[in-house]
Amino acid sequence: MALVTSPLTPAEGTRPSMNRALDHSALQPAAAAAPATGETLPGALIAAARRFGPHPAMRQKRGGIWQSWNFTEYLARAAAMARLLDGAGFAGPGVLATVGENRPELYAAQLAAQGLGATALPLGTEFLRRFGAPEPRPALVLCETEEAARLWRAVDHSGAPVLRLDELGPTPAEAHEEGIAWFAWRVAAVPPDQVALLLHGDGADGAPRAVPLTHARLLAAGRATVATLGLTASDRAMAFLPVSGIADAATALVAPLLAGCCVHCVEGPASFPADLKEVAPTCLPAPARVFELIDRDAQRRLAAGGPLVRALAAAAAQRWPGSGLAFSAPLLNALGLSGCRIALVTSGEIEPQAAARLAAWGLPLDRDTAMAEDGRLLSRDETLWDAHGALRRVEALLRAEPGVDRARVTRAGAGLEARIALAANAAGSEADDREAARATAARAIAAVNTRLAGEGADPGSTLTGFELAPEGFAPAELTLEGEVRHAPPVAIALAPEAARATRAGRPRGPVLMEVRDVHVAFGGVKALTEMSLAIHEGEILSIIGPNGAGKTSLLNVINGVYHPRAGTITFEGKARARMRPAFAARSGIGRTFQHVSLFKGMNVIDNVLVGRAARFRTSLIGKLLRLPATASEEKHEREAAERILAFLELEHLRKAPVAGLPYGIQKRVELGRALATEPRLLLLDEPMAGMTHEEKRDMCGFIRRVNESFGTTILIIEHDIGVVMGLSDRVVVLNYGRKIADGTPQEVRAAPDVIAAYLGSAALGKAA
């Protein structure tokens, strides 16, 4: 479908003057001038503002507080954004790309562009990292933050102008009555068959394919969604930005304009359980992975309960009389789903066992309805028109088995083969326990084949073989919804100016710390022998090696936990035979540990404030008497802690006790406490141990942001080789307390001593 290029400028003399004041009644003749106004998305927004006015339209949590827009404010923001875009020289029939995550302002920007006769192209930062800049090239790019703008410039070759929302986001006050009337006048000229949104497929079987959707098609999909879900103005829904498919667009963008319901924008997977409980949605259209998150949260709650709770859960699964009142109702209330009257899987394939558990617990989950790319509502069985759907179902069955995190299923000969990544806590998930890993995978394969046979599946649909993915699936091997891709990863070419600025091309900074000829021994056991190492300013240096190689001992020497028998440590030009932990912290050396070492009885922000302790200057007497200087200092340090929480996207959890947080979030809080010391050198001891693949991806992003935003030098110990090779500027390899390699990731990967240390001398001979 080609983009409609109908002219946007009405006949000469019809443009309302921008120099005279108009009242709200000006909206009526502006809309009446074009009967088709209501048949476009901006026209639907204008109609919703008239009909639902003060009713909440969108809510977003910022700084732990929900902030609302009503429909009048929603229209005002869209009109203000349209004026801003028009002033920047942007108009139809061009394409506006919006790059960002969960921001209602991006919805307003898309409606503003559509009101100018243009097409909106919503993109997330993760899409750009995996697939690069898509076609068609936009005329203007609106990025949520500086980081999003930097990422766009790295993958784009068109040189399109880039604006940042955090620098110029207009407020409703900037859209006076005259501006709203002007916006309605522009909307009146937009035809219903104009392409409104360019969305993309999930990229499971190739590069994501662009799907152009007109205003008429989107409104038809929205009306079908409203009718199917029975939406009214009293309903509460949740949105999962950025919009990536027509089902997302119909439920999060279009349906609220038609039904007047309120959409709540969640902050991300980490905060989803808390957001779900606070929102208490009455309808929940969401991707399959969202329902799997709900299932995991419920199972975590059950695991923390006693025998009685587990007995009630078993009774609910068997649908015994009274189990709903005794178990299901309290569980749904704890999850925030007690008022949910319908839940709909908008995309992906939910694990069958997870779906069965949620249904047994009383969640009204509709697994049969799906939406085609063109907006038609179908039975989910109708969407499985080829072998791709059958493979996805087998993958979902494998994910439901104990110990399996993800699986990719492909056809091979007369049957199916699977590539399996085990969960972090599964038996055999460690690299040195391959036999246990294969046994776990084999049990999963046997269980799925038994289930398929019981369903009468043909022999060609059974699993005949498997291989393990010991490092899991890289982000480029997953769709944006977390499903495994069947297509090879997309090679992303950086723009020339971005390529010159990549980390590999950066000049090496001066030496910040040098460890020279350090020896550490415990009795007769030598932990470090003749260890020498230079750490340069601004780099990310990874230390790797087999278990017992001396990696943690090296970090303990650097920040003073261990005292070496011989050797010197030079930090910022000052040489010392030994370092003390307190002095190391005051000097600018921060540290996290292998195991989470937080104060479990304290909340998130108080744990981060502990890292600011060395910054306090007032006396004990001043603290006891609460002198003005003490109060001022505490306010300053708390503001610093708040900035760290915002940087790590933890502000919504500031008051949450750390003991109840997921493991990955606790590791992020520990990183925040280390950052609170304002370190010049940050030591990270296995910061991603025990994390899921999504949590590892997030942590990698935060580590790189710390390095790029603050210029912090980072020394990291990590066993995940994929993480090390993708994150590091330089890698040092230890074995039996000695350094055996030091170089770039590519150089270290090919070093014979490294191959022998990890795989044995026999592997070295084969490599030769």
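Heads up: numbering here begins at 1 and tracks the sequence. Values below: every heavy atom of this structure, side chains too, minus hydrogens, waters and symmetry copies.
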Closest approach of P42 to G115 (non-hydrogen atoms, all atoms of both residues): CG-N, 3.4 Å
One should read off an interatomic distance between C262 SG and M58 CE, to the nearest 0.5 angstrom, of 8.0 Å
Once rounded to the nearest 0.5 Å, what's the spacing between atom NZ of K696 and atom CD1 of I703? 11.5 Å
For R59 versus S68, what's the shortest heavy-atom pair and its separation? NE-OG, 3.1 Å
Taking the side chain as every heavy atom from C-beta outward, state whether V254 and T225 have any atom pair closer than 4.5 Å. no
For the side chain to side chain donor-acceptor pair (under 3.5 Å) test, which of Q110, R103, E105 pairs with T98? Q110
Nearest heavy-atom neighbours spanning W152 and V99: CE3-CG2, 4.1 Å
Any side-chain heavy atom of L199 sitting closer than 4.5 Å to one from P122? yes
Is any side-chain heavy atom of F702 closer than 4.5 Å to a side-chain heavy atom of P687? no
Below 4.5 Å, heavy atoms only, C-beta onward: do P134 and F127 meet side chain to side chain? yes
Are any side-chain N or O atoms of R654 and backbone N or O atoms of E642, one a donor and one an acceptor, separated by less than 3.5 Å? no
Kindly compute the distance separating CZ (R83) from CH2 (W182), expressed to the nearest 0.5 Å. 6.0 Å
Residue pair L116 / A82: nearest heavy atoms and the distance that separates them: CD1-O, 3.8 Å
Close side-chain approach of R51 and F71, heavy atoms under 4.5 Å: no
Quick one: does M238's side chain get under 4.5 Å of V290's, heavy atoms only? no
Between T40 and Q114, is any side-chain donor less than 3.5 angstrom from a side-chain acceptor? no
May I ask you to decide if Q60's main-chain N or O and H264's side chain share a donor-acceptor pair within less than 3.5 Å? no
As a quick check of understanding, evaluate side chain to side chain contact (heavy atoms under 4.5 Å, CB included) for D275 and W66, giving each step before the final call. CA-CA 10 Å; D275 292 343; W66 286 98; 4.1 Å; yes
Considering all heavy atoms of both residues, which atom of L85 and which atom of A109 are nearest to each other, and what is their separation? CD1-O, 4.3 Å
How long is the span from the OG1 atom in T72 to the CZ atom in R77, to the nearest 0.5 Å? 12.5 Å
If you measure from CZ on R137 to CG on L121, what distance do you get to the nearest 0.5 Å? 10.0 Å
Quick check: does any side chain N or O of H215 sit under 3.5 Å from a backbone N or O of L41, one acting as donor and the other as acceptor? yes
Any donor-acceptor N/O pair, N707 side chain to T712 backbone, under 3.5 Å: yes
Counting N and O atoms only, with roles assigned by atom type, does the side chain of R668 sit under 3.5 Å from a partner on the main chain of L648, one being a donor and the other an acceptor? yes
Kindly indicate whether the side chain of V723, heavy atoms from C-beta on, has any atom under 4.5 Å from the side chain of M699. no
Any side-chain heavy atom of L231 within less than 4.5 Å of one from L258? no
Hey, mind stepping through L163 and L84 against side chain to side chain contact (heavy atoms under 4.5 Å, CB included) and telling me if it holds? CA-CA 11 Å; L163 301 178; L84 187 150; 4.2 Å; yes
Does the side chain to side chain contact (heavy atoms under 4.5 Å, CB included) test come out yes or no for L253 and L197, once each step is laid out? CA-CA 11 Å; L253 176 62; L197 281 179; 4.0 Å; yes
Rounded to the nearest 0.5 Å, what separation is found between the CG atom of N70 and the CG atom of L75? 10.0 Å
Residues R223, E39: salt bridge by 4.0 Å N-O rule: yes
Is Q194 reaching over with its side chain to a backbone N or O of P191, donor-acceptor style, under 3.5 angstrom? no
Could you pull out all residues at least two apart from F647 that satisfy ring-ring contact (aromatic ring centres under 6.0 Å, His included)? F710
What closest approach, in Å, do V162 and R153 show between heavy atoms, and which atom pair accounts for it? CB-NH2, 3.8 Å
